[in-house]
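Remarks on the structure that follows.
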Amino acid sequence: MIVQKYGGSSVASIEKIEAIAQNIKQTVKEKLIVVVSAMGKTTNNLISLAQSIQKEPNKRELDHLLSTGEQQSASLMAMALQKVGVDAISLNGIEAGIKTTKTHGKALIKSINTKKLFSLLQKHDCLVITGFQGCTHDGTITTLGRGGSDTTATAIASAMNAKCEIYTDVEAIYSVNPARHKNAKKLNELSFNTVLEMASAGAKVLDERAIEVAKKYGTKIYLGKTLCNDHSKGTYVMDKNFMEQVEVKNISVRENVCLMKLETQKISQVIFVLQKLNQNLEMLTINEDIISFICKKEHQKTIENALKDIQNLKVEKILEEISRITLVGYGFATHPQIVCDMLTKMECKKIDILHLVQTETTLSFLVKKEKEKETIKTLVSLYKL
Ligand code: ASP
Ligand code: MG
(Lines give C-alpha, C1' and ligand atoms only; values in the text may rest on other atoms or scores of the structure.)
(Ligands and ions follow the chains in the order given, each with its own letter.)
Protein backbone atom coordinates (compact mmCIF):
# COMPACT_ATOMS: atom_id res chain seq x y z
CA MET A 1 0.00 0.00 0.00
CA ILE A 2 1.21 3.52 -0.80
CA VAL A 3 0.32 6.95 0.53
CA GLN A 4 1.07 9.68 -2.00
CA LYS A 5 0.81 13.33 -1.06
CA TYR A 6 0.49 16.12 -3.62
CA GLY A 7 1.18 19.71 -2.59
CA GLY A 8 -0.87 22.77 -3.49
CA SER A 9 1.17 23.81 -6.52
CA SER A 10 0.94 20.26 -7.94
CA VAL A 11 -2.87 20.38 -7.90
CA ALA A 12 -3.23 24.06 -8.80
CA SER A 13 -5.38 23.45 -11.91
CA ILE A 14 -7.72 20.86 -13.40
CA GLU A 15 -5.06 20.05 -16.02
CA LYS A 16 -2.56 19.28 -13.28
CA ILE A 17 -5.06 17.18 -11.33
CA GLU A 18 -5.94 15.22 -14.47
CA ALA A 19 -2.27 14.65 -15.30
CA ILE A 20 -1.69 13.21 -11.82
CA ALA A 21 -4.76 10.98 -12.15
CA GLN A 22 -3.49 9.73 -15.51
CA ASN A 23 -0.05 9.04 -14.06
CA ILE A 24 -1.54 7.17 -11.10
CA LYS A 25 -3.61 5.05 -13.47
CA GLN A 26 -0.49 4.10 -15.41
CA THR A 27 2.00 3.58 -12.61
CA VAL A 28 0.33 2.54 -9.36
CA LYS A 29 -0.38 -1.17 -9.13
CA GLU A 30 -1.31 -1.43 -5.45
CA LYS A 31 -3.84 0.02 -3.05
CA LEU A 32 -3.38 3.76 -2.82
CA ILE A 33 -4.24 6.65 -0.54
CA VAL A 34 -3.79 10.08 -2.09
CA VAL A 35 -3.49 13.02 0.28
CA VAL A 36 -3.99 16.43 -1.28
CA SER A 37 -3.36 20.04 -0.31
CA ALA A 38 -5.71 22.80 -1.39
CA MET A 39 -5.33 24.01 -4.99
CA GLY A 40 -2.61 26.64 -5.49
CA LYS A 41 -3.15 29.70 -3.32
CA THR A 42 -6.61 28.64 -2.13
CA THR A 43 -5.74 28.62 1.58
CA ASN A 44 -4.20 32.10 1.41
CA ASN A 45 -7.22 33.40 -0.46
CA LEU A 46 -9.62 31.93 2.08
CA ILE A 47 -7.65 33.53 4.91
CA SER A 48 -7.83 36.91 3.14
CA LEU A 49 -11.58 36.57 2.74
CA ALA A 50 -11.98 35.85 6.43
CA GLN A 51 -9.68 38.72 7.38
CA SER A 52 -11.66 41.11 5.23
CA ILE A 53 -14.45 40.61 7.78
CA GLN A 54 -12.34 40.57 10.90
CA LYS A 55 -8.58 40.87 11.41
CA GLU A 56 -8.57 37.94 13.79
CA PRO A 57 -11.41 35.71 12.69
CA ASN A 58 -13.01 33.25 15.09
CA LYS A 59 -10.74 30.22 15.07
CA ARG A 60 -13.48 27.63 14.84
CA GLU A 61 -15.06 29.37 11.86
CA LEU A 62 -11.68 29.83 10.20
CA ASP A 63 -11.05 26.09 10.45
CA HIS A 64 -14.45 25.43 8.89
CA LEU A 65 -13.59 27.76 6.05
CA LEU A 66 -10.03 26.54 5.44
CA SER A 67 -11.04 22.90 5.46
CA THR A 68 -13.09 23.52 2.32
CA GLY A 69 -9.89 24.13 0.32
CA GLU A 70 -8.73 20.54 0.67
CA GLN A 71 -12.27 19.26 0.17
CA GLN A 72 -12.31 20.88 -3.26
CA SER A 73 -9.03 19.35 -4.37
CA ALA A 74 -9.87 15.93 -2.90
CA SER A 75 -13.22 15.62 -4.65
CA LEU A 76 -11.83 16.94 -7.94
CA MET A 77 -8.96 14.44 -7.70
CA ALA A 78 -11.43 11.61 -7.06
CA MET A 79 -13.48 12.67 -10.10
CA ALA A 80 -10.34 12.82 -12.27
CA LEU A 81 -9.32 9.34 -11.10
CA GLN A 82 -12.78 7.95 -11.76
CA LYS A 83 -12.70 9.46 -15.25
CA VAL A 84 -9.59 7.45 -16.17
CA GLY A 85 -11.03 4.30 -14.65
CA VAL A 86 -9.53 4.24 -11.15
CA ASP A 87 -12.02 3.19 -8.49
CA ALA A 88 -11.52 6.14 -6.12
CA ILE A 89 -13.57 8.00 -3.51
CA SER A 90 -12.72 11.13 -1.56
CA LEU A 91 -12.95 11.53 2.20
CA ASN A 92 -12.61 14.62 4.33
CA GLY A 93 -10.92 14.68 7.73
CA ILE A 94 -14.10 13.72 9.58
CA GLU A 95 -14.94 10.86 7.20
CA ALA A 96 -11.39 9.55 7.38
CA GLY A 97 -11.65 9.48 11.15
CA ILE A 98 -8.63 11.70 11.78
CA LYS A 99 -9.16 12.58 15.42
CA THR A 100 -7.29 15.60 16.74
CA THR A 101 -6.93 17.79 19.79
CA LYS A 102 -9.26 20.78 20.06
CA THR A 103 -6.72 23.50 19.30
CA HIS A 104 -8.19 25.16 16.23
CA GLY A 105 -5.55 26.18 13.71
CA LYS A 106 -2.87 24.03 15.30
CA ALA A 107 -4.55 20.73 16.15
CA LEU A 108 -2.46 17.64 16.80
CA ILE A 109 -3.46 14.27 15.37
CA LYS A 110 -4.44 11.84 18.14
CA SER A 111 -5.60 8.86 16.12
CA ILE A 112 -6.77 7.70 12.70
CA ASN A 113 -9.61 5.28 12.06
CA THR A 114 -7.46 2.77 10.21
CA LYS A 115 -10.11 0.08 10.50
CA LYS A 116 -12.47 2.19 8.42
CA LEU A 117 -9.74 3.05 5.90
CA PHE A 118 -8.69 -0.59 5.50
CA SER A 119 -12.26 -1.66 4.98
CA LEU A 120 -12.89 1.10 2.41
CA LEU A 121 -9.77 -0.04 0.61
CA GLN A 122 -11.29 -3.46 0.23
CA LYS A 123 -14.16 -1.90 -1.68
CA HIS A 124 -12.16 0.71 -3.58
CA ASP A 125 -8.65 0.86 -5.04
CA CYS A 126 -7.95 4.40 -4.03
CA LEU A 127 -8.97 6.80 -1.26
CA VAL A 128 -8.36 10.50 -1.75
CA ILE A 129 -8.06 12.14 1.65
CA THR A 130 -7.99 15.84 2.45
CA GLY A 131 -4.70 16.95 3.97
CA PHE A 132 -4.36 19.40 6.87
CA GLN A 133 -7.60 18.59 8.69
CA GLY A 134 -9.26 16.35 11.19
CA CYS A 135 -11.94 16.60 13.85
CA THR A 136 -12.28 16.60 17.60
CA HIS A 137 -13.87 13.66 19.42
CA ASP A 138 -17.25 15.39 19.12
CA GLY A 139 -16.89 15.86 15.35
CA THR A 140 -15.90 19.54 15.12
CA ILE A 141 -13.60 20.28 12.18
CA THR A 142 -10.03 21.29 13.02
CA THR A 143 -6.98 22.14 10.94
CA LEU A 144 -3.40 21.19 11.70
CA GLY A 145 -1.64 24.45 10.84
CA ARG A 146 -0.06 25.76 7.65
CA GLY A 147 1.75 23.10 5.66
CA GLY A 148 -0.12 20.44 7.63
CA SER A 149 -0.86 18.13 4.68
CA ASP A 150 2.61 16.63 4.91
CA THR A 151 1.75 15.58 8.46
CA THR A 152 -1.54 14.06 7.35
CA ALA A 153 0.37 11.97 4.81
CA THR A 154 3.10 10.71 7.11
CA ALA A 155 0.57 10.07 9.88
CA ILE A 156 -1.68 8.00 7.61
CA ALA A 157 1.29 6.10 6.17
CA SER A 158 2.57 5.42 9.69
CA ALA A 159 -0.81 4.29 10.97
CA MET A 160 -1.44 2.04 7.94
CA ASN A 161 2.13 0.81 7.68
CA ALA A 162 2.27 2.00 4.07
CA LYS A 163 5.00 3.49 1.91
CA CYS A 164 4.99 7.28 1.94
CA GLU A 165 5.68 9.42 -1.11
CA ILE A 166 5.55 13.20 -0.98
CA TYR A 167 5.36 15.00 -4.29
CA THR A 168 6.05 18.68 -4.75
CA ASP A 169 7.42 21.04 -7.36
CA VAL A 170 11.05 20.48 -6.40
CA GLU A 171 13.00 17.45 -7.58
CA ALA A 172 14.66 16.50 -4.31
CA ILE A 173 16.48 17.81 -1.26
CA TYR A 174 19.77 19.54 -2.03
CA SER A 175 22.95 20.50 -0.19
CA VAL A 176 21.97 24.14 -0.56
CA ASN A 177 18.97 25.93 -2.07
CA PRO A 178 19.14 25.02 -5.80
CA ALA A 179 17.09 28.06 -6.77
CA ARG A 180 20.02 30.22 -5.69
CA HIS A 181 23.05 27.99 -6.25
CA LYS A 182 23.06 26.21 -9.52
CA ASN A 183 25.69 23.65 -8.57
CA ALA A 184 23.79 22.44 -5.52
CA LYS A 185 24.25 18.72 -4.95
CA LYS A 186 21.25 16.43 -4.88
CA LEU A 187 21.10 14.32 -1.72
CA ASN A 188 19.96 10.72 -2.24
CA GLU A 189 19.38 9.66 1.35
CA LEU A 190 19.08 11.60 4.56
CA SER A 191 18.30 10.67 8.12
CA PHE A 192 15.19 11.94 9.88
CA ASN A 193 17.39 13.92 12.25
CA THR A 194 19.26 15.71 9.48
CA VAL A 195 16.04 16.72 7.74
CA LEU A 196 14.54 17.84 11.04
CA GLU A 197 17.56 20.05 11.67
CA MET A 198 17.30 21.43 8.14
CA ALA A 199 13.61 22.20 8.53
CA SER A 200 14.13 23.99 11.83
CA ALA A 201 17.05 25.91 10.34
CA GLY A 202 14.76 27.35 7.69
CA ALA A 203 14.98 24.95 4.74
CA LYS A 204 11.55 24.60 3.21
CA VAL A 205 11.74 20.88 2.57
CA LEU A 206 9.17 19.00 4.60
CA ASP A 207 7.01 20.14 7.45
CA GLU A 208 8.76 19.49 10.79
CA ARG A 209 5.77 17.77 12.32
CA ALA A 210 5.56 15.40 9.38
CA ILE A 211 9.18 14.38 9.91
CA GLU A 212 8.61 13.95 13.66
CA VAL A 213 5.77 11.52 12.98
CA ALA A 214 7.74 9.58 10.36
CA LYS A 215 10.72 9.38 12.69
CA LYS A 216 8.60 8.14 15.57
CA TYR A 217 7.18 5.31 13.47
CA GLY A 218 10.21 4.70 11.29
CA THR A 219 8.21 5.50 8.15
CA LYS A 220 10.55 6.00 5.22
CA ILE A 221 9.59 9.03 3.10
CA TYR A 222 10.32 9.46 -0.58
CA LEU A 223 10.37 13.10 -1.63
CA GLY A 224 10.24 13.87 -5.32
CA LYS A 225 8.81 15.93 -8.13
CA THR A 226 5.21 15.44 -9.15
CA LEU A 227 4.85 13.20 -12.26
CA CYS A 228 8.45 12.06 -12.10
CA ASN A 229 8.30 8.28 -11.71
CA ASP A 230 12.03 7.71 -11.55
CA HIS A 231 12.76 7.43 -7.85
CA SER A 232 16.50 7.73 -8.32
CA LYS A 233 15.83 11.44 -8.96
CA GLY A 234 14.42 12.26 -5.52
CA THR A 235 15.50 11.96 -1.90
CA TYR A 236 14.72 9.27 0.68
CA VAL A 237 14.35 10.37 4.27
CA MET A 238 14.78 7.44 6.61
CA ASP A 239 16.03 6.00 9.83
CA LYS A 240 19.67 6.10 9.11
CA ASN A 241 22.40 6.45 11.64
CA PHE A 242 26.05 6.47 10.90
CA MET A 243 28.65 5.43 13.33
CA GLU A 244 31.25 8.16 13.68
CA GLN A 245 30.48 9.96 10.48
CA VAL A 246 31.94 13.40 9.99
CA GLU A 247 30.28 15.36 7.27
CA VAL A 248 28.62 18.64 6.37
CA LYS A 249 25.47 17.72 4.44
CA ASN A 250 23.57 20.90 3.92
CA ILE A 251 23.45 24.65 4.39
CA SER A 252 20.08 26.07 5.39
CA VAL A 253 19.30 29.74 5.62
CA ARG A 254 16.79 31.76 7.57
CA GLU A 255 16.55 35.30 6.27
CA ASN A 256 15.39 38.45 8.00
CA VAL A 257 15.89 37.43 11.56
CA CYS A 258 16.71 39.65 14.43
CA LEU A 259 18.88 38.95 17.47
CA MET A 260 17.76 40.16 20.88
CA LYS A 261 19.90 40.34 23.93
CA LEU A 262 18.85 41.36 27.42
CA GLU A 263 20.04 41.25 30.96
CA THR A 264 17.67 40.04 33.64
CA GLN A 265 17.45 37.89 36.69
CA LYS A 266 14.10 36.58 35.58
CA ILE A 267 15.21 34.43 32.69
CA SER A 268 12.39 31.94 33.06
CA GLN A 269 9.88 34.76 32.72
CA VAL A 270 11.39 35.81 29.43
CA ILE A 271 10.93 32.29 28.15
CA PHE A 272 7.39 32.34 29.50
CA VAL A 273 6.67 35.44 27.43
CA LEU A 274 8.09 33.79 24.30
CA GLN A 275 6.02 30.71 24.94
CA LYS A 276 2.85 32.78 25.36
CA LEU A 277 3.57 34.38 21.99
CA ASN A 278 3.94 30.96 20.37
CA GLN A 279 7.58 31.62 19.51
CA ASN A 280 10.03 28.84 18.82
CA LEU A 281 13.22 29.13 20.81
CA GLU A 282 15.98 29.67 18.30
CA MET A 283 19.67 30.13 18.99
CA LEU A 284 18.86 30.62 22.63
CA THR A 285 21.86 31.20 24.87
CA ILE A 286 21.88 32.02 28.54
CA ASN A 287 25.04 33.29 30.16
CA GLU A 288 24.63 34.24 33.80
CA ASP A 289 22.03 37.01 33.59
CA ILE A 290 22.31 37.57 29.87
CA ILE A 291 19.85 35.89 27.59
CA SER A 292 19.86 36.11 23.83
CA PHE A 293 17.75 34.55 21.11
CA ILE A 294 16.62 35.23 17.59
CA CYS A 295 13.15 35.85 16.20
CA LYS A 296 11.59 36.68 12.87
CA LYS A 297 11.86 40.35 11.99
CA GLU A 298 8.08 40.69 11.88
CA HIS A 299 7.75 39.48 15.48
CA GLN A 300 10.35 41.81 16.93
CA LYS A 301 8.00 44.61 18.01
CA THR A 302 5.44 42.25 19.53
CA ILE A 303 8.10 40.52 21.59
CA GLU A 304 9.62 43.79 22.74
CA ASN A 305 6.23 45.11 23.80
CA ALA A 306 5.25 41.91 25.57
CA LEU A 307 8.48 41.95 27.57
CA LYS A 308 7.93 45.57 28.50
CA ASP A 309 4.29 44.98 29.44
CA ILE A 310 4.81 41.95 31.56
CA GLN A 311 7.94 42.75 33.47
CA ASN A 312 9.15 46.08 32.37
CA LEU A 313 12.16 44.57 30.72
CA LYS A 314 14.03 46.46 28.11
CA VAL A 315 15.79 44.62 25.34
CA GLU A 316 19.31 45.99 25.39
CA LYS A 317 20.68 45.00 22.08
CA ILE A 318 18.89 44.25 18.87
CA LEU A 319 20.63 43.30 15.68
CA GLU A 320 18.49 43.60 12.60
CA GLU A 321 18.94 42.77 8.92
CA ILE A 322 20.73 39.57 9.64
CA SER A 323 20.60 36.04 8.27
CA ARG A 324 20.98 32.81 10.13
CA ILE A 325 23.17 30.30 8.33
CA THR A 326 23.11 26.71 9.52
CA LEU A 327 25.42 23.90 8.56
CA VAL A 328 23.70 20.56 9.10
CA GLY A 329 25.66 17.35 9.39
CA TYR A 330 27.58 15.31 11.92
CA GLY A 331 30.68 15.77 14.00
CA PHE A 332 30.74 19.50 14.76
CA ALA A 333 31.55 18.90 18.41
CA THR A 334 33.82 15.90 18.11
CA HIS A 335 35.78 17.22 15.13
CA PRO A 336 36.64 20.87 15.84
CA GLN A 337 38.48 21.01 12.52
CA ILE A 338 35.17 21.62 10.74
CA VAL A 339 34.48 24.69 12.87
CA CYS A 340 38.08 25.82 12.73
CA ASP A 341 38.19 25.69 8.90
CA MET A 342 34.99 27.66 8.74
CA LEU A 343 36.15 30.38 11.11
CA THR A 344 39.50 30.73 9.36
CA LYS A 345 37.78 31.16 5.98
CA MET A 346 35.37 33.72 7.39
CA GLU A 347 38.25 35.70 8.85
CA CYS A 348 40.05 35.70 5.50
CA LYS A 349 36.91 36.96 3.77
CA LYS A 350 36.31 39.55 6.50
CA ILE A 351 32.87 38.19 7.23
CA ASP A 352 31.90 38.93 10.82
CA ILE A 353 30.17 36.18 12.74
CA LEU A 354 27.73 37.87 15.07
CA HIS A 355 26.57 34.95 17.15
CA LEU A 356 27.28 31.24 16.93
CA VAL A 357 25.60 28.22 18.47
CA GLN A 358 26.85 24.74 17.86
CA THR A 359 25.84 21.17 18.63
CA GLU A 360 27.13 17.84 17.32
CA THR A 361 24.76 18.00 14.34
CA THR A 362 24.40 21.72 13.60
CA LEU A 363 26.53 24.79 13.44
CA SER A 364 24.38 27.88 13.29
CA PHE A 365 25.61 31.45 13.07
CA LEU A 366 24.47 34.93 12.19
CA VAL A 367 25.89 37.23 9.55
CA LYS A 368 24.81 40.61 8.20
CA LYS A 369 22.26 40.23 5.46
CA GLU A 370 24.55 41.77 2.85
CA LYS A 371 27.17 39.11 3.63
CA GLU A 372 24.78 36.18 3.24
CA LYS A 373 25.53 35.43 -0.40
CA GLU A 374 29.27 35.53 0.00
CA THR A 375 29.11 33.40 3.14
CA ILE A 376 27.16 30.68 1.39
CA LYS A 377 29.43 30.76 -1.61
CA THR A 378 32.44 30.38 0.65
CA LEU A 379 30.90 27.49 2.56
CA VAL A 380 29.77 25.69 -0.59
CA SER A 381 33.32 25.69 -1.86
CA LEU A 382 34.89 24.91 1.52
CA TYR A 383 32.77 21.83 2.18
CA LYS A 384 32.25 20.92 -1.50
CA LEU A 385 28.49 21.05 -1.20
N1 ASP B 1 -3.48 24.06 2.40
C2 ASP B 1 -2.73 24.19 3.62
C3 ASP B 1 -1.75 25.34 3.53
O4 ASP B 1 -1.68 26.00 2.51
C5 ASP B 1 -2.06 22.93 4.04
C6 ASP B 1 -0.97 22.43 3.12
O7 ASP B 1 -0.87 22.85 1.98
O8 ASP B 1 -0.21 21.56 3.54
O9 ASP B 1 -1.06 25.62 4.46
MG1 MG C 1 3.45 22.23 1.82
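No experiment lies behind these values; they were computed from the predicted model shown. In listed order, ligands and their atoms are each counted from 1. Start at 1 with the first residue, then count along the sequence. What's counted below: heavy atoms across the whole structure, side chains too, no hydrogens, waters or symmetry copies.
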key: Electrostatic pair K31:D125 at N-O distance under 4.0 angstrom   =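 A salt bridge is present here (some side-chain N lies under 4.0 Å from a carboxylate O).
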request  = Walk me through it: do S252 and T326 pass the test side-chain hydrogen bond (donor to acceptor under 3.5 Å, both in side chains)?
outcome  = CA-CA 5 Å; S252 296; T326 304; over 6 Å; no
Which atoms of ligand 1 sit under 4.0 Å from any heavy atom of [X]?
| X | answer |
| --- | --- |
| E70 | 1 (N), 2 (C), 5 (C) |
| S37 | 6 (C), 7 (O), 8 (O) |
| S149 | 5 (C), 6 (C), 7 (O), 8 (O) |
| R146 | 3 (C), 4 (O), 9 (O) |

request  = Apply side-chain hydrogen bond (donor to acceptor under 3.5 Å, both in side chains) to the pair S364 and R324, showing each step before the final yes or no.
outcome  = CA-CA 7 Å; S364 218; R324 172 188 174 182; 2.7 Å; yes
N/O of [X] under 3.5 Å from N/O of ligand 1, yes or no?
| X | value |
| --- | --- |
| K5 | no |
| D150 | no |
| G145 | no |

request  = Run the numbers on E197 and T362 for side-chain hydrogen bond (donor to acceptor under 3.5 Å, both in side chains), then give the verdict.
outcome  = CA-CA 7 Å; E197 299 282 20; T362 59; 4.6 Å; no
ask   = Under 6.0 Å from the six-membered ring centre of Y236 and within 45° of its axis: does the NZ or CZ of K220 meet both?
value =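 Verdict for Y236: a cation-pi partner in K220.
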ask   = Do S90 and N92 have a side chain donor and acceptor closer than 3.5 Å?
value =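 Absent: no donor and acceptor within the cut-off.
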request  = Could you tell me whether ligand 1 has any atom less than 4.0 Å away from a heavy atom of G148?
outcome  =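 So G148 counts as touching ligand 1.
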Close approach of G147 to ligand 1, heavy atoms, under 4.0 angstrom =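 Yes, G147 has a heavy atom closer than 4.0 Å to ligand 1.
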ask   = Centroid-to-centroid, Y222 to H231, below 6.0 Å?
value =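 Ring centroids of Y222 and H231 are less than 6.0 Å from each other.
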